[in-house]
Amino acid sequence: MILNIAMDGPVGAGKSSIASAVAKALGILHLDTGAMYRALGLTAIRRGVDLADEQAVTALCHTLHIAVAHGEMGQRTIVDGDDVTDYIRTPEVSMAASTVARYAGVRQEMVAVQRRLAQETPMLLDGRDICAYVLPDAPVKIYLTASAEERARRRWLELQQKGDASTYEEVLADLKARDEQDMNRAVTPLRPAEDAVIVDSTALDFDQVVQAILNIVKEKHHE
Ligand code: DC
């Protein structure tokens with residue numbers, strides 16, 4: 001059977017980097033599903049599509065070919081043959097991704113691609129709706145979280161290293177706004193799936209979180 005691991009959690013819980021490390025340790029691929037919504041958000045901004053216009057954003061999504069490739073440098077995200085990986089992590093694109101991810105037609109299309117990829121290859125998918133919706137039969141489900149203040153602190157440090165001038169207060173406000181939007185949208189809002197194991201990383205360092213998740217994977221496989 002193909003080993004799929006489903007991981008969800010709010011912004012800044014460290015999902016992407018933790019998911020990468022866990023997938024590497026298990027020798028499986030990591031699919032960062034948020035990158036797909038980010039690629040759409042970026043393209044909408046670049047083309048001047050009004051993000052609040054559900055129909056226009058959904059129509060744009062239907063015309064695009066959003067693909068992912070896995071190589072030495074991890075996941076690359078590609079829109080119509082153009083590698084956009086280096087442009088999708090700005091605060092503006094983060095908020096745009098959260099906005100376009102509210103639209104049912106967009107989600108339908110993204111989820112279809114994600115399910116197809118997961119059927120073909122063993123992989124760990126991280127996102128917001130993976131446990132409850134994209135892969136409801138995944139043998140291992142994790143909800144990775146941390147306090148809003150700790151998530152903002154980590155995100156702020158990361159942005160600072162990149163030379164971004166945002167203050168901690170701005171990052172915290174931005175994170176809370178995205179939490180609010182992700183957790184309260186009409187379609188598959190973010191919340192822990194009933195059968196997901198909750199991992200709270202507030203007081204854990206990176207290696208401890210990776211180890212905790214590897215332990216859960218091991219346990220689930222012996223059940
Ligand atoms: O994980 P991330 O921060 O890169 O995700 C960007 C946005 O995309 C996030 O605000 C919510 C949305 N998203 C989603 O709705 N469903 C997913 N499976 C992944 C991300």
Side-chain angles (χ1 to χ4, degrees), residues 4-49 51 57 60-103 106-107 109-118 120-130 134 144 151 154-166 171 174-175 178 181-182 190 206 210:
N4 282 321
I5 299 176
M7 187 186 292
D8 292 320
V11 53
K15 268 183 309 133
S16 279
S17 45
I18 296 286
S20 265
V22 170
K24 196 166 170 202
L26 295 170
I28 61 175
L29 289 181
H30 163 220
L31 179 66
D32 168 4
T33 62
M36 298 171 64
Y37 294 95
R38 287 172 179 273
L40 175 61
L42 172 75
T43 309
I45 293 170
R46 282 183 171 174
R47 301 208 186 161
V49 173
L51 294 169
V57 171
L60 173 67
C61 183
H62 290 328
T63 66
L64 296 178
H65 183 243
I66 298 178
V68 294
H70 290 92
E72 294 261 301
M73 312 251 297
Q75 175 174 317
R76 308 299 296 179
T77 307
I78 298 151
V79 179
D80 288 344
D82 181 22
D83 187 335
V84 297
T85 315
D86 297 339
Y87 308 101
I88 57 175
R89 301 277 154 205
T90 64
E92 187 192 12
V93 174
S94 299
M95 203 60 211
S98 174
T99 301
V100 302
R102 294 183 346 220
Y103 303 144
V106 167
R107 303 201 65 82
E109 198 150 318
M110 300 291 187
V111 169
V113 175
Q114 292 156 15
R115 285 189 179 140
R116 183 169 48 70
L117 291 170
E120 290 167 357
T121 321
M123 50 172 70
L124 187 162
L125 280 75
D126 90 72
R128 301 291 191 288
D129 58 343
I130 310 298
V134 180
L144 181 62
R151 289 186 284 125
R154 292 178 193 165
R155 184 86 189 107
W156 175 64
L157 288 175
E158 204 179 290
L159 286 170
Q160 271 205 322
Q161 275 173 6
K162 287 186 192 161
D164 189 288
S166 310
V171 175
D174 187 61
L175 180 138
R178 274 219 285 156
Q181 186 156 272
D182 294 345
L190 171 68
F206 187 86
V210 171

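Because the structure is a prediction, the values reported are computed rather than measured. Hydrogens, waters and symmetry mates play no part in the numbers below; they use all other heavy atoms, side chains included.
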List the atom pairs, with distances to 0.1 Å, where a side-chain N or O of residues 12-21 and a protein N or O form a donor-acceptor pair under 3.5 Å, not counting sequence neighbours.
unit_1	atom_1	unit_2	atom_2	d
K15	NZ	G9	O	3.2
S17	OG	G14	O	3.4
S20	OG	H30	ND1	3.2

Check your understanding: Are M7 and L124 close enough that some pair of their side-chain heavy atoms sits under 4.5 Å apart?
Key -> yes
Review point. With a 4.5 Å heavy-atom cut-off, do D126 and I130 have their side chains touching?
Key: no
Review point. When you check the gap from the basic side-chain N to the acidic O, do R107 and D129 get nearer than 4.0 Å?
Key: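 Looking at R107 and D129, the cut-off is met.
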Check your understanding: Under a 4.0 Å N-O cut-off, is there an ion pair linking R89 with D32?
Key ->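 Yes.
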So, for [X] and [Y], which heavy atoms are closest and what is the spacing to 0.1 Å?
X: A118; Y: L125; value: CB-CD1, 4.0 Å
X: V79; Y: A39; value: CG2-CB, 3.7 Å
X: Y87; Y: L42; value: O-CD1, 3.8 Å

Please round to the nearest 0.5 Å and tell me the distance separating atom [atom1] of [X] and atom [atom2] of [Y].
X: D80; Y: T43; atom1: CG; atom2: OG1; answer: 7.5 Å
X: R151; Y: R178; atom1: CZ; atom2: CZ; answer: 9.5 Å
X: N4; Y: I28; atom1: CG; atom2: CD1; answer: 7.5 Å
X: D82; Y: R46; atom1: CG; atom2: CZ; answer: 6.0 Å
X: M36; Y: Q114; atom1: CE; atom2: CD; answer: 4.5 Å
X: L31; Y: T121; atom1: CG; atom2: OG1; answer: 10.0 Å

Do [X] side-chain atoms and [Y] backbone N/O form a donor-acceptor pair below 3.5 Å?
X: T85; Y: T77; answer: yes
X: R38; Y: V93; answer: no
X: D83; Y: I78; answer: no

Show every donor-acceptor pair shorter than 3.5 Å between a side-chain atom in residues 95-103 and any protein atom, with sequence neighbours excluded, or say none if there are none.
unit_1	atom_1	unit_2	atom_2	d
S98	OG	Q181	NE2	2.9
S98	OG	D182	OD1	2.8
T99	OG1	M95	O	3.0
T99	OG1	Q181	NE2	3.2
R102	NH1	Q181	OE1	3.1
Y103	OH	L51	O	2.6

Practice item. Apply salt bridge (charged side-chain N to carboxylate O under 4.0 Å, His left out) to E120 and R116, showing your working. Key: CA-CA 6 Å; E120 290 167 357; R116 183 169 48 70; 3.8 Å; yes
Exercise for review: Go through L40 and M110 one step at a time and tell me if the side chain to side chain contact (heavy atoms under 4.5 Å, CB included) criterion holds.
Suggested key: CA-CA 10 Å; L40 175 61; M110 300 291 187; 4.0 Å; yes
Exercise for review: Decide yes or no on side chain to side chain contact (heavy atoms under 4.5 Å, CB included) for I5 and L26, but give the supporting numbers first.
Suggested key: CA-CA 10 Å; I5 299 176; L26 295 170; 3.4 Å; yes
For a quick test of your reading: what N or O donor-acceptor pairs under 3.5 Å do the side chains of residues 60-68 make, sequence neighbours left out?
unit_1	atom_1	unit_2	atom_2	d
H62	ND1	E109	OE1	2.4
T63	OG1	L60	O	2.7

